[in-house]
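Reminder, nothing fancy here: chain letters follow the sequence lines and each chain counts from 1.
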Amino acid sequence: MEAGSSLSHKSEETEAQGDTVCTEVKEHDAEATNPEDGIREAVTEEAQNDECEGSVCSTEEEVVPDEEKDASSDKELSDSASTDNTLEDSSEFSGRPLVVCEKKELCSPFGADLVSSHREEDVTAESWRMHRKHVFVLSEAGKPIYSRYGNEEALSSTMGVMMALVSFVQSGNNIIHSIYSDDHKVVFLQRGPLVLVSVSRTLQSEIQLHSELLYVYYQIISMLTQASVARIFERKKNYDLRRLLTGSEKILDNLLNLIDSDPSFLLGAVQCLPLSSSLRESLSQILQKATTSNLVFSILIAKNQLVTIVQERTVIDDTRLDPVDLHLLLNLIRASSAFQAGEVWTPICLPRFNPNGYFYAYISYLDPDCTVCLLLLSTDREAFYSISDCKKKIEESMATHNSIQAISSALQSQSYSISLLGVPDLRHFMYKPLDIPENHKQLTQLTSPEVEAPYCSEEEKVRLFDLYRYLHSRIHSTTRPLRLIYHVAEKETLLAWVTRKFELYTCFSPLVTKASAINAITKLLRWIKKEEDRLFIRNPPKYTTASNTSRGSRSSRGGSDSIDNGFLTLL
Amino acid sequence: MAAGTQCKQYPPTLLSFFIYNPKFGPKEGEEEKKILFYYPNEQEKNEKIRNVGLCEAIVQFTRTFCPTKPAKSLHTQKNRQFFHEPEENFWMVMVVRNPMIEKQSKDGKPVAEYQEDEILDTVYNAVLQQCYSMYKLFNGTFLKAIEMGGAEILKQRLEKFFFRYLQTLHLQHCDLLDVFGGISFFPLDKMTYLKIQSFINQMEESLGLVKYTAFLYNDQLIWSGLEQEDMRTLYKYLTTSLFPRHSESELSGRDPPVRMPISGSLQHYGRFLTGPLNPHDPEAKCRFPKIFVNTNNAYEELNLIVYKAMTAVVCFMTDASIELTKEFCCELDRLVGPQLTMLASDICEQYNISRRIAGPEKEPQFKFIYFNHMNLAEKSTIHMRKTPSLSLTSIAPDLLKILGDINSDFARVDDDEEIIVKAMSDFWVVGKKSDQRELYVILNQKNANLIEVNDEVKKLCATQFSNIFFLD
């Protein structure tokens with residue numbers, strides 16, 4: 001599962017470009033007085049400097065001579081260090097979003113209070129130990145980068161021990177994978193210069209915890225790119241990466257919270273908002289019509305759920321948007337209340353697509369309540385204004401079609417109720433189709449109803465999700481995979497079934513008989529078949545933009561090495 | 001390896017095994033004092049110290065998150081380490097190399113591919129705990145040895161015991177049965193059972209010195225006066241070490257199974273498996289192995305007398321502080337020999353009768369393992385023979401590991417549960433847990449569906465375990 005292995009041959013190409021990136025936040029509302037105007041100006045200046053440097057680099061030959069490359073990255077490092085210092089000096093700025101959300105009540109549910117309270121936790125207290133799952137990120141030099149709970153500084157000795165264990169085992173030409181105790185699993189993952197550690201009291205398998213750490217790694221890479229992280233630590237072994245991730249703890253926190261509750265991470269699939277196929281089609285058409293050169297993905301999201309996704313034709317000729325990348329994007333939008341303020345233009349790396357290049361993401365909400373969000377991905381750093389025009393076009397056609405209202409009514413409920421199916425004893429299920437036409441070129445999807453009684457309390461919800469994780473780990477065991485599991489326990493009966501056509505995980509009341517469970521499954525499969533046009537995006541539409549020819553976006557001019565990639569200023 | 005062969009498979013093997021106490025060399029430069037036993041002894045001193053240091057660090061590190069439940073195993077690409085603290089501050093560590101496949105790379109160099117997920121923690125944790133139980137049975141606790149003669153005595157005992165014991169581990173054959181560590185009981189009718197009990201009472205009475213007695217037939221236990229935990233370890237020793245050793249020598253004909261009657265005594269088949277080969281031999285030495293039982297409270301040291309006639313075995317345990325004389329051994333031989341020979345043939349007869357009533361056995365469509373946590377009773381039709389060097393199983397190792405997985409799933413909750421799975425090979429595996437009992441069934445009916453499998457297992461429960469209620 002090497003990151004983006006299929007694309008790695010392309011990465012060198014992009015790596016050779018010393019392009020730098022800046023983030024621009026456009027406030028169209030002229031009346032909005034920004035108290036941090038002064039800072040913004042300062043930052044814009046920085047950005048302009050970067051831009052200058054970037055343009056110098058990009059005018060160079062495709063292949064930059066080694067010395068030159070070194071020189072430019074040297075400069076970047078020192079530059080970024082100085083940027084950091086100025087940022088650290090400015091107390092107003094530290095870790096706060098540049099864009100101030102005017103409607104405070106609409107800010108992200110993962111408010112700053114909650115986050116900071118986790119950060120200030122006493123790491124020697126019993127309550128800290130009792131957390132179900134800790135996640136730590138550190139550098140090879142043992143420097144703390146991130147801790148899910150508690151302040152990294154306070155945990156620096158613990159993280160030092162982790163690094164010592166990793167390097168001790170490494171010195172014996174070996175690799176540390178995990179430590180098991182009676183109620184904990186500690187899982188280690190090393191990726192490049194980063195070491196990620198999960199300490200979990202859940203019953204998840206090592207492989208599951210491992211893949212979660214990989215998500216955390218990818219989220220970091222999506223902000224910095226793999227190449228630039230590697231370069232930073234090549235230059236300076238004990239670099240403090242937190243300088244570049246200031247403010248992004250929230251994104252990682254949110255990611256980990258999602259991973260612990262959202263089945264799409266477990267199944268490596270995306271759940272879309274159930275919509276009538278005609279509505280979805282009309283929305284897709286609206287997106288399809290609003291294109292500009294270098295636009296590669298147009299994505300419509302409502303309340304964190306995928307509504308539709310339209311892709312540039314040549315891009316998906318030989319690849320598709322990996323669910324992992326889409327999860328990272330959705331998480332980014334979900335975790336950042338800053339995006340609600342206006343139009344946002346930010347570089348973003350899609351690690352599964354290409355861990356070393358940037359896309360440029362345009363993010364804007366289309367309704368005052370910030371429920372419907374438009375995400376446009378371009379390969380051109382300079383395309384903000386043309387992309388913004390696309391959004392206007394989309395907004396206009398959606399207004400004529402009354403689309404926002406149609407989406408809102410579909411959003412009445414998050415998903416759908418199991419009672420719709422009329423299958424007795426069936427309490428909940430997760431279904432992942434594997435037989436979608438041209439599946440390999442499409443987004444892997446799943447469908448699952450709302451979690452209802454008796455899984456109402458937070459505790460019970462967690463318990464149900466843990467059961468699904470258990471089924472998943474057993475049925476997908478690397479060494480002893482299974483075709484079917486039927487598990488009768490005190491509180492429920494579970495059935496998991498993997499065929500060539502689908503993966504299905506079901507939860508029944510404990511008194512169901514085997515015969516009636518099988519009956520229920522038959523009914524369920526029939527219902528899904530009937531509803532599949534509503535539950536899944538069957539045929540993701542495509543468009544062709546003029547200038548995007550055979551190059552595709554992977555060979556795009558994604559700035560690979562920028563350190564100040566804009567997240568500094570954005571979050 | 002010949003150029004033609006593509007890959008070579010290596011089973012899991014013991015890499016190292018050590019015992020340390022971090023309190024014994026707390027100062028820098030004195031780390032070597034912590035090490036009480038280290039296999040392989042040839043290992044360079046600094047390497048030993050480093051490896052012990054890693055274990056200490058791992059244990060300490062996991063205490064950050066749960067002070068009372070430190071690490072039990074460390075998984076790395078190449079090996080797995082198991083930690084066990086049987087007595088406070090005394091740590092036993094077993095390092096097992098992962099099974100691996102050696103493949104030829106294109107340039108002809110061998111490339112090792114480690115199969116990290118092939119070994120089960122529960123199995124090897126149990127093996128490590130067994131190591132301690134076995135040591136304790138023959139040597140008493142670590143602490144007692146320290147109290148008696150300091151670290152030196154303990155080191156000597158560990159060296160003497162583990163040098164031999166580690167050779168008998170045979171890690172590649174360990175499986176779910178090691179997790180259970182159960183005892184196979186011999187099924188018997190009431191009459192014969194009473195006969196045995198009366199025999200034991202009579203012998204204890206006549207021999208005087210006997211504190212505990214155990215009776216086995218055909219390597220299966222019938223009666224034991226020992227505490228369950230002690231019997232479990234003793235049973236393991238008898239069936240996997242002492243008995244096989246003797247049956248091997250019987251087969252090779254080194255000592256004749258039937259002794260000529262000595263004048264005055266009745267002809268019988270009795271003989272000592274421990275102690276003197278022939279007590280009537282004037283040269284015979286009456287030395288018996290010592291065992292330690294009830295180490296948590298009474299801490300008793302006993303002589304272990306194992307006496308066998310045909311396939312019946314009786315173990316007498318006497319207080320070790322009273323030296324056993326040649327006269328005692330002769331007396332025992334004279335008293336027990338003829339009676340045990342009689343009993344053995346009685347049991348055999350009874351057993352054959354009950355088998356005949358049950359009718360001829362058909363090769364069933366299923367194999368099973370049963371274990372009862374309350375009395376440690378275990379029954380397996382999967383294992384045809386289990387000796388220390390060889391475990392003959394009739395099913396694929398992967399299926400046996402699925403049983404191990406289901407067992408770990410059961411261990412997580414106390415409730416009654418049932419798990420039915422279909423493996424990739426289309427075999428069905430059913431696990432049932434009821435109260436303290438566990439039953440695992442493997443069905444070789446590839447085309448069966450869930451309901452048919454369920455019916456099949458129901459039938460099995462009705463015939464084999466009619467008195468046990470299993471969750472339906």
(message) Can you tell whether the side chains of B:Glu31 and B:Arg50 come within less than 4.0 Å, N to carboxylate O?
(response) no
(message) Heavy-atom cut-off 4.5 Å, strictly under: side chain, backbone, both or neither for A:Thr479 against chain B?
(response) both
(message) One thing to verify: whether B:Lys432 and B:Glu417 come together as a salt bridge, which I'm taking to mean a side-chain N less than 4.0 angstrom from a carboxylate O.
(response) no
(message) Please identify, among B:Glu116, B:Gln81, B:Lys72, B:His75, the residue contributing the most non-hydrogen atom pairs under 4.5 Å to chain A.
(response) B:His75
(message) With chain A as the partner, which of B:Val59, B:Val413, B:Leu399, B:Asp405 has the greatest number of non-hydrogen pairs under 4.5 Å?
(response) B:Asp405
(request) Let me know if B:Asn79 has heavy atoms under 4.5 Å from chain A in its side chain, its backbone, both or neither. (result) both
(message) What I want to find out is whether A:Asp466 reaches A:Arg463 closely enough, with some N-O distance under 4.0 Å, to be called a salt bridge.
(response) no
(request) Describe, in one word, how the ring planes of A:His472 and A:His476 are oriented to each other, choosing from parallel (under 30°), tilted (30 to 60°) and perpendicular (over 60°). (result) tilted
(request) Pick one of side chain, backbone, both or neither for B:Ser73, based on which atoms fall under 4.5 Å of a heavy atom in chain A. (result) both
(request) Assign the ring pair A:Tyr505 / A:Tyr468 to parallel, tilted or perpendicular, where the plane angle (0 to 90°) is split at 30° and 60°. (result) perpendicular
(request) Sort A:Ser205 into side chain, backbone, both or neither according to what part of it lies under 4.5 angstrom from a heavy atom of chain B. (result) neither
(request) Report the option among B:Val429, B:Ile58, B:Ile419 that has the most heavy-atom pairs separated by less than 4.5 Å from atoms of chain A. (result) B:Ile419
(message) Does B:Arg412 qualify as a cation-pi partner of A:Tyr470, given the criterion of NZ or CZ under 6.0 Å from the six-membered ring centre and within 45 degrees of its axis?
(response) yes
